[in-house]
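Shown next, in structure tokens, is the structure this report addresses.
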Amino acid sequence: MRQITYILLLAICTSSCISNKRLIYLQNLPGNEPIGLDELIPFAEMEYRYVLQPFDIVDIDFASSNEELTKAFEFQGARGMRGGMGMGGGGDIFYFTGYSIDQQGFVELPKLGKIKIAGLTEEEAKEVVQAAINDYFKESVFVKLRLGGIRFTTLGEFGSSGTKVIMKNRATIFDALAMSGESNILAKKNKLFIIRHYDGGTKIHQINLNDRQLLASPYFFIQPNDILYLEPMRIRQVGSADNLSASLGLILSISSSVLVLFALLSGGL
């Protein structure tokens with residue numbers, strides 16, 4: 001009976017504790033070259049740059065010394081609407097004033113007609129639109145083309161799941177974590193999946209938030225339309241509790257009941 005009690009107590013202790021190694025961000029993990037404090041960590045060289053895709057919404061704005069020219073390319077009231085817009089939750093801030101890329105990859109602009117920009121970066125698309133407007137007017141018209149921030153979606157063990165927008169041209173995975181609420185203590189921080197869209201398809205990447213080498217990873221920076229998914233630990237499957245303390249309380253309660261039952265059956269009480 002005493003041996004059974006010791007075994008059960010050991011099982012309780014091991015099942016109710018989560019190692020700090022599974023919780024702490026940016027550790028020097030065994031097998032990796034250590035990265036010291038104050039050490040400069042170069043960004044990863046990335047061949048991939050986000051390219052515009054069908055159904056993206058872009059803001060295309062025009063500037064010229066001739067105000068009449070710019071008005072010819074502006075939807076009625078678009079500039080005034082831009083000035084009063086906020087983030088609007090997870091929606092694109094240019095949804096009402098921007099240009100939607102259709103399924104074939106074209107945007108339709110006043111006077112210029114349809115121009116294909118899907119498959120191009122923002123800078124390349126801007127140059128294509130600039131060339132089209134230069135052919136139309138002899139006077140100089142400056143073109144600005146951009147996406148409405150970086151939109152991403154979080155699923156799984158985040159403080160807040162859903163679609164969000166970071167109003168920056170560049171954002172890290174930790175910017176996304178901070179905006180979504182720091183990941184739940186029950187999340188598998190060593191297994192964060194990034195579902196990323198590429199020209200012509202989608203790839204799933206996996207990163208480890210516990211690993212300091214992440215700072216030099218090509219996935220340290222998120223891309224527009226990324227989907228981030230955090231798996232729960234196994235302990236999350238115990239009962240229907242929504243947090244760690246409730247789950248551990250359930251484990252301890254069941255274990256105590258089992259110990260009492262063994263003591264009664266063995267005549268120890």
Hydrophobic cluster identity match, [X] and [Y], side-chain contacts under 4.5 Å:
{"X": "V51", "Y": "F94", "result": "no"}
{"X": "V128", "Y": "L147", "result": "yes"}
{"X": "I194", "Y": "L214", "result": "yes"}
{"X": "F55", "Y": "F106", "result": "no"}
{"X": "F193", "Y": "M179", "result": "no"}

I need the [X] [atom1] to [Y] [atom2] distance, nearest 0.5 Å.
{"X": "K114", "Y": "L109", "atom1": "NZ", "atom2": "CG", "answer": "11.5 Å"}
{"X": "D102", "Y": "E108", "atom1": "CG", "atom2": "CD", "answer": "8.5 Å"}
{"X": "H197", "Y": "K203", "atom1": "NE2", "atom2": "NZ", "answer": "13.5 Å"}
{"X": "I222", "Y": "I173", "atom1": "CD1", "atom2": "CD1", "answer": "6.5 Å"}
{"X": "Q206", "Y": "K188", "atom1": "CD", "atom2": "NZ", "answer": "9.5 Å"}
{"X": "F142", "Y": "D61", "atom1": "CZ", "atom2": "CG", "answer": "9.5 Å"}

Is it the case that the side chain of [X] and the backbone of [Y] share a donor-acceptor pair, with hydrogens and angles ignored and the cut-off at 3.5 Å?
{"X": "N32", "Y": "P34", "answer": "no"}
{"X": "E127", "Y": "E124", "answer": "no"}
{"X": "Q213", "Y": "N28", "answer": "no"}
{"X": "E157", "Y": "L230", "answer": "no"}

Heavy-atom pair with the smallest gap, counting every atom of [X] and [Y]:
{"X": "A171", "Y": "I166", "value": "CB-CD1, 3.8 Å"}
{"X": "P218", "Y": "A44", "value": "N-CB, 3.5 Å"}
{"X": "T154", "Y": "S160", "value": "OG1-O, 3.2 Å"}
{"X": "P110", "Y": "Y99", "value": "CD-OH, 3.7 Å"}
{"X": "A132", "Y": "I115", "value": "CB-CD1, 3.7 Å"}
{"X": "Q130", "Y": "V143", "value": "OE1-N, 3.1 Å"}

Strictly by modelled atom types, are [X] and [Y] linked by a side-chain donor-acceptor pair under 3.5 Å?
{"X": "N225", "Y": "D56", "result": "yes"}
{"X": "N208", "Y": "Y25", "result": "no"}
{"X": "T153", "Y": "T163", "result": "yes"}

Do K164 and S180 come within less than 4.5 Å of each other through their side chains, counting heavy atoms only? yes
Is the shortest heavy-atom distance from the side chain of L192 to the side chain of L228 under 4.5 Å? yes
Does the pair I60 and V129 meet the rule for a side-chain contact (heavy atoms from CB on, under 4.5 Å), with working shown? CA-CA 9 Å; I60 304 176; V129 176; 4.3 Å; yes
Over 60° means perpendicular and under 30° means parallel, so tell me whether H205 and Y198 are parallel, tilted or perpendicular. perpendicular
Determine, stepwise, if the pair L215 / I35 fulfils side-chain contact (heavy atoms from CB on, under 4.5 Å). CA-CA 10 Å; L215 300 176; I35 299 174; 5.9 Å; no
V58 and L52: side-chain contact (heavy atoms from CB on, under 4.5 Å), yes or no, with the steps? CA-CA 9 Å; V58 293; L52 300 173; 3.9 Å; yes
Chi angles and distances behind the side-chain contact (heavy atoms from CB on, under 4.5 Å) call for L26, F174: CA-CA 11 Å; L26 303 178; F174 291 104; 3.8 Å; yes
Centroid-centroid under 6.0 Å between F221 and F43 rings: yes
Check against salt bridge (Lys or Arg N to Asp or Glu O under 4.0 Å), E39 and R212: CA-CA 12 Å; E39 180 179 338; R212 193 170 293 186; over 6 Å; no
Lys/Arg N to Asp/Glu carboxylate O, K189 vs E231, below 4.0 Å: no
Looking at Q103, I want to see if its CD is surrounded by more than 12 non-hydrogen atoms of other residues, nucleotides or ligands under 6.0 Å. no
Around N169, counting heavy atoms of other residues, nucleotides and ligands shown, do more than 12 lie under 6.0 Å from its CG? no
Qualifying residue, where the test is side-chain contact (heavy atoms from CB on, under 4.5 Å) with Y219 and the options are T172, D226, I207: I207
